[in-house]
Structure formats: structure tokens, C-alpha cells
2 protein chains.
Amino acid sequence: MIKIEPPRLRAASDVPGGRRKQRVSMADVARLAGVSSQTVSRVANGLPGVVETTREQVLAAMSQLGYRPNSAARSLRYGRFNTIGVILFGLSSTGNSRTVEAIATHAAAEGYAITLIPVGVPTQDNVMGAFTRMGELAVDGVILIIEVHLLDATAVALPPGVHVVVVDSDAGDRYPVVDTDQADGTRQAVRHLLDLGHRTVWHVAGPAESFAAERRAGAWRQVLEQAGRPVPPLERGDWSADSGYHAGLRLAADPACTAIFAANDQMALGVLRALHESGRRVPADVSVAGFDDIADAASYLPPLTTVHQDFAEVGRRCVEALLRQIHAEPAGPGTDLVPTRLVTRASTAPPPA
Amino acid sequence: MIKIEPPRLRAASDVPGGRRKQRVSMADVARLAGVSSQTVSRVANGLPGVVETTREQVLAAMSQLGYRPNSAARSLRYGRFNTIGVILFGLSSTGNSRTVEAIATHAAAEGYAITLIPVGVPTQDNVMGAFTRMGELAVDGVILIIEVHLLDATAVALPPGVHVVVVDSDAGDRYPVVDTDQADGTRQAVRHLLDLGHRTVWHVAGPAESFAAERRAGAWRQVLEQAGRPVPPLERGDWSADSGYHAGLRLAADPACTAIFAANDQMALGVLRALHESGRRVPADVSVAGFDDIADAASYLPPLTTVHQDFAEVGRRCVEALLRQIHAEPAGPGTDLVPTRLVTRASTAPPPA
DNA sequence: GGCAGCCATGTTTACGTAAACATGGCGCTC
DNA sequence: GAGCGCCATGTTTACGTAAACATGGCTGCC
């Protein structure tokens, strides 16, 4: 049973310091400064029409009382909250956490706080529930970091009228999307391996449910086909190093396999381990490339050639796109692609003679 | 210049679908259901005193209009928000992001949303600014994931009257603290190495500003001293694999060094690389242990012996401790330690004969 | 049968802010 | 010098919710 607070006492006639400090409102400041609360409001919001001496009195009263504006009241008044909601599947992946960090940083710089709702199991119901909660919280907009095609199972779309930006998804035809240029990054990596002289490139893909994984796999296939190379059977992992390890063990057993493109760095780490344990040297016998360029990749054995992804920029553009929607014209759907760049390290080399 | 919205039109007499949907309030629902808004409130909050037929009418009206409670108004009324603020230095470290994820998950389960404010540079000013912002947002409590001793430079403490829980800090004498049992985890790792027969253990510490790093280094030193072993000079990194690599290069040059305890897994990764490049085998020549047990550690070359840290549990306890404060008696200071456990893998072995 | 009491429901009010409107005094203009 | 207008400031109101209080009809008891 939750204890109900006793009725609030009017002023701070309470035992000071003993009980909870009474919240200071504009009216309290106004009383102390001898002005109306409206004048306090004007001072608080930097509006004109307050003479300098009055303003100083008000400011003095504010700091004396420790006044803080109450955003609940302000939000009720304005109908908005200066808050951006972020709905995401999980923070465990490096990419997500760095994107969220960038979102939070840029949002803060624009005066917005961010509210996070993680969705453990990304079902339609759970995502809609998160949206409902966001609606209750009166966020000004929502950034969705979830594979939106998970939502396609039913006819229900995202709530209309809510400003939304989607990350890492193919929903570009329905919502504004910000995403890393998965296809171009993949092309750079695969072409790099072909240019080194490899006949073809094997691929350890991410899970089929992931659009990023599918786009990387699709681009990999396309590059090979356009170059007239054979397309080896796909290996699939779940983004984890361990899944990369098992895929790597299978690939290591195939002597024809001299170049592997893993869909992320962690799976590449597992591939490196599998190759090592199978006695195949990297890059002398087999070349390995990854995707993401996480900080650790430069310290793998050997340091990993990988596609650098600019998570911070993705986050920044999300916030910008959302604020543009909030402040002005409703942005239409479309995809904003953040470029990638190949970072060449020691894990790739020409194939063995 | 921000465009000011034209005055709101009363009902949805607006072009439907064209303009922004008018927010549905209790009054709208009440009107449709033919009851008072107070009755709607009672239904919305599951309070007794509403007859079944009336309740059904209200529920029907709610779903017909798509009513959502407005948390701004509710917060204004209640004086609280059902929101927990999290102030943190960065999400980039594995530990932080997983802790935040656990916090968000458990908070959500308790009906709380979380609001995130990252503090890029953890100065006193910035942290106080974040607290001010949290105050404005009327969060019910704050979880601080920042080395609190950074705040000790000045006399200013955290704002009084705000419920707060601190993670990963030595502020246990002033605030409730939840933390991994750094000392015990370190003891397990160092003793494991000594038990294997190593004469002593070298240490690659984290940055001196970090209390976690200091506590791990302190425990390392203590175990060695209690065992009567020599205490080798400390190597310091900044948590990154790259810094571990450079420390590792220095240690690899010392033939006496047969066992290394790195303060986190990523620095251990760098150490592994340095040893490899220096031609020293792991674990045949040198044993390496880490701290954190991040997912990748099992795929390092060789798989890393490390101290498992339960970030999810830390997050859970933070939320619990904070909610306890919010709902009931103000919890005093004190430290809640989450146990750790050593995970033995292939990177540790007896010293060379 | 009359009245007390209870239950379902309605009415009033307060939460803190800020827009819209009101007021009053002073200076400037003709 | 009288009136107009502007500027600083005050007053009213609305935002959506829910506690507190009010009402009115019905039941049950003596």
C-alpha cells in the first residue's frame, strides 16, 4: 500500500530542513519581490516589458528562494514538453548506445531532454504500448530505433500526428528515416577484398530479422554479381562474437574461402578466433573485414579492416530531423543516409599464391 | 524565429486529418459519455464508486475518442512525474550502457519512464546544471552514474531534498550507493593468478580519476601485500584497448612478468595484442585476466579469464533503492554491493617452469 | 412511515504557468 | 494644456487532472 502524503502545508512554516522542502512557485517569488506572478513569468522567460530595477528584484527573489520553473505546469500550458522520446530495442549493441548518446547530447544542446523506453521484446503490441506511454508523457516527438518491419505484421501503423523519426529501417516510404549508408559501406568492403585479388568473398550475415543485416547481405550479393563472381552460401550469425565464431569454424573448413566479410565487428572477432583455432592465418591465408569500426577493432588480432560507421552523426541527424518536424513543416518520408568509410588495417591482404 | 501556433480551435470542427489532431481531454470523454469529468477520472484510475454500466459507457467513449491521460496535468496535480532521471558521463562504456538499460527496463516495469541527461565534461557546473534541469523536469528521483568525487572539488553537494542514488562511487557516506563489489572481484582474480603459482601479478589500472579503477588497484595491492608478494609498479590506461596495448608492450618487455590483471576487458584485449606481437604466448608464457566479462571476452585470443560483473543487477538495485526512497522513508547513505564472480577461461595458466 | 446514512455522481477548487486582456500613469504632441 | 498612446505592470483565464466537498435518491431500520 502506498502511503499517501499528508495534505501540503501552505508556506514553509514547517520545520525547516526536517520535512521536504516546499516547492517554490512563481507566486512565492512574486510575493517576495512585491510584483505579480506575471511579471515573474516575464522575467523568467526573458520577455521585454520589465524595467531593469524590477527585473533585478525578481531575480534576487528567485535566487533567494531557489526558484525553479515547473515543467509540468509549463507543459500543461504549452501542450509540449521539450522532451524527445526514444523507443529502442536494447542498448546492448554498441551502435544503439552510441546513437542514443549522440541523440541525448544533441537534444540537450537544443534544450530537449530525452525519455527512454526500452522494448524488451519488439512485438507490435509492445511498441504500440511504448508509443502510448510516450503520448501520455507528452513528448514532442519520438525517435524509433527498432526494425520497423517488425511492425508490418499487422495493419496498424505508428500513431498518426506524432512526430517520428526512424533509425535503421526501410520505412523510408512512410516515415523520415536516418540510417548509415549500409549498402555503400558494404560495397567498399567487398570491393576492397576483390581488389586485393580474392576470387570472391564469403559473408557472415546478421540475423534475418534485421534490416541492417539484410541490406548488408543484399549489397554484398550485388557487388559479387555485378563483378561476375560466384556468390558463396551465406553464413548467418546473431551479431554476437560467439555466433561469428561458429560461422567462422564452418568457413575455416572450406579451403576455397580466402576472404570473409562479417556484417559486424563482433562477429568478425569470432571469425578471427575460429580461423586462429583452425590454424588458418589472418591475413596470410584468409582476409577478414568487419562493419562498424568499434573502438576495440583496432586491437583485434590482427587489427581489423572494417567499415567505419558514424553513430554520432546518425544521432545528430535524428534530432535535427525531428526538431525540424516539431518546429516547422511536417517533414515527409525519405531516407537520410550517413556516409561510411573503409578503415584498412592488418586483417586484409592479397590471397595466398 | 519559432512560429507560434494559431489559437487552438475548440472541438474537432477543424479539417479532420489535415491539421493536428486536437488533444482529447477528460472533458471530451465526459461529454460523449454523458457524465462528469470526475467520473471519467474515477474510471481512468480504477477507483471504486462507479457503477458498472456507467463505467462501460465511459470506457466506450474513451476508446472511441482515443483518450490518453495527459501526464503534464497529472504531474502538475500530483507534484510528481513517474519519471526517474539518469545523469551520466557517457554511454560509450559497456558498463554504463548496460546499467542504463537495466535501469530503464526496471523503471518501465514499475511504471516509471527514465529521462537521460548526459554530461559531456563532468565538471561540477555541468553536473549541477543537469540536476537543475532534472528539477525543472520534476523527476521523482535521480540516479547519478558519475564519479562523485569529481564533485568534491567545491563545497557544493547535490541539491538537498532530491532523491538520489549514486552508482560506482565512494559517496556511500553521504548518499545511497549501488556498486559492483570491485574489491572482491579483484581479490578473486588476483588470488586465482597467485593460486596458479605466479610469484606476483602486474596490474594495468584504469584512470586515476575513476573510483572503480582506484578500488580495483587498491584491492590488487592489498592482496599482494597480504600474501607477502612484491608489488610491481602500476601501469595505467584509460580503459581503452589501445591504452592496454601500450601498457602491454611495456610489460611484455619485462621477462619477470608472468601474470597480468587488467582493470577491464578492453585493456586486457590490448594487452593480449601486445603480448602476441611481442612473441609472448598466452597463457603459456604470460597469464592475463580482465574485469567486466563483456560479451566479446569469450572470443578473445585466447578467451579471457575475467571477473563477471552483473550490470543488470546494479541497474535493478538502483531503481529499487530509488523507489524505496520515493515511496517511503528516506533511505540513508550506505553502499549496496553487487557480488561478482570469476569466470575462468583460457587466458590464465600456471607460470612457465 | 420517517429519518439516517450510504452510494453514485456532480461541482468546486487547486496545482504552476503564460497568453490575453485590463489598467494606470507618464510623456509627447498639437 | 488637454488628450492620445505607449509602456510597465496587474488581473483573468485556460491548460487537464483529481482531491475534497456537495447533492440527491434510495435503502434499511426502528
Side-chain angles (χ1 to χ4, degrees), chain A residues 2 4-11 22-31 33-58 61-62 65-82 135-138, chain B residues 2-11 20 22-31 33-58 61-62 65-82 135-138:
Chain A
I2 293 173
I4 303 296
E5 288 273 312
R8 300 239 221 137
L9 301 180
R10 253 336 277 167
Q22 179 80 16
R23 222 184 135 73
V24 180
S25 77
M26 280 195 169
D28 300 320
V29 175
R31 212 170 300 127
V35 299
S36 75
S37 64
Q38 183 54 33
T39 300
V40 177
S41 168
R42 278 187 269 255
V43 171
N45 295 291
L47 296 177
V50 182
V51 92
E52 190 53 30
T53 53
T54 308
R55 176 180 304 273
E56 274 163 15
Q57 279 170 31
V58 171
M62 277 182 176
L65 295 176
Y67 168 76
R68 308 249 192 91
N70 176 321
S71 77
R74 174 175 281 167
S75 303
L76 179 60
R77 192 72 186 68
Y78 279 147
R80 51 155 126 151
F81 244 105
N82 269 29
E136 293 171 9
L137 291 169
Chain B
I2 294 174
K3 184 86 158 298
I4 304 296
E5 289 274 311
R8 301 238 220 138
L9 302 179
R10 252 337 276 172
R20 192 94 71 80
Q22 178 80 18
R23 223 183 134 72
V24 179
S25 78
M26 280 195 169
D28 300 320
V29 175
R31 210 170 301 127
V35 299
S36 74
S37 64
Q38 183 52 33
T39 299
V40 177
S41 169
R42 277 188 269 257
V43 171
N45 294 291
L47 296 178
V50 181
V51 94
E52 189 52 32
T53 53
T54 309
R55 176 181 304 275
E56 275 164 15
Q57 279 171 32
V58 171
M62 277 181 175
L65 295 175
Y67 167 76
R68 308 249 193 90
N70 177 322
S71 78
R74 172 175 283 167
S75 304
L76 178 59
R77 193 71 186 67
Y78 278 148
R80 54 156 122 152
F81 243 104
N82 270 29
E136 292 172 8
L137 291 169

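Each chain gets a letter, A, B and so on, in the order its sequence line appears, and its residues count up from 1.
Near-neighbour residues of DNA chain D inside residues 49-58 of chain B, defined by a heavy atom below 4.0 Å, are absent. Interface residues of residues 37-48 of chain B facing DNA chain C, ordered by number: B:Q38, B:T39, B:R42; criterion, heavy-atom separation under 4.0 Å.
Without hydrogens or angle criteria, A:S75 side chain to A:S71 main chain gives a donor-acceptor distance under 3.5 Å. No donor-acceptor pair under 3.5 Å is formed between the side chain of A:N45 and the backbone N or O of A:R42.
B:Y78 has no side-chain polar atom (N or O) that falls below the 4.0 Å cut-off from OP1 or OP2 of C:dG16. For the pair B:R74 and D:dA18, the criterion of a side-chain N or O lying under 4.0 Å from OP1 or OP2 is met.
Here the CZ atom belonging to B:R68 is positioned 13.0 Å from the CE atom belonging to B:M62, to the nearest 0.5 angstrom. For the atom pair B:S36 OG and B:R31 CZ, the distance stands at 12.5 Å (nearest 0.5 Å). Between the OG1 atom in A:T39 and the CD atom in A:Q57 there is a gap of 10.5 Å [rounded to 0.5 Å].
Distance B:N82 CG to D:dT17 P: 15 Å, rounded to the nearest Å. Atom CG in B:N70 sits about 6 Å away from atom C1' in D:dG16, given to the nearest Å. The separation between B:M62 atom CE and D:dT17 atom P is 9 Å, rounded to whole Å. In this structure, B:R68 atom CZ and D:dC15 atom P are separated by 20 Å, rounded to whole Å.
Note that the two end axes of the helix from C:dG1-D:dC30 to C:dC30-D:dG1 enclose an angle of 50°, each drawn from 5 base pairs, rounded to 10 degrees.
For the pair B:Y67 and B:V29, the tightest heavy-atom approach, listed with the atom from each and the gap, is CB-CG2, 3.6 Å. Of all heavy-atom pairs spanning A:A33 and A:V58, the tightest one is CB-CA, 4.0 Å.
The listed nucleotides are D:dA18, C:dT17, D:dG16; the one nearest the side chain of A:L76 is D:dG16. Of all nucleotides listed (D:dT17, D:dG10, C:dA18), C:dA18 comes nearest to the side chain of A:M26.
Two residues are said to be in side-chain contact when any heavy atoms from C-beta on lie closer than 4.5 Å; B:N70 and B:M26 fail this criterion. In this structure, the side chains of B:V51 and B:T54 come closer than 4.5 Å at one or more pairs of heavy atoms.
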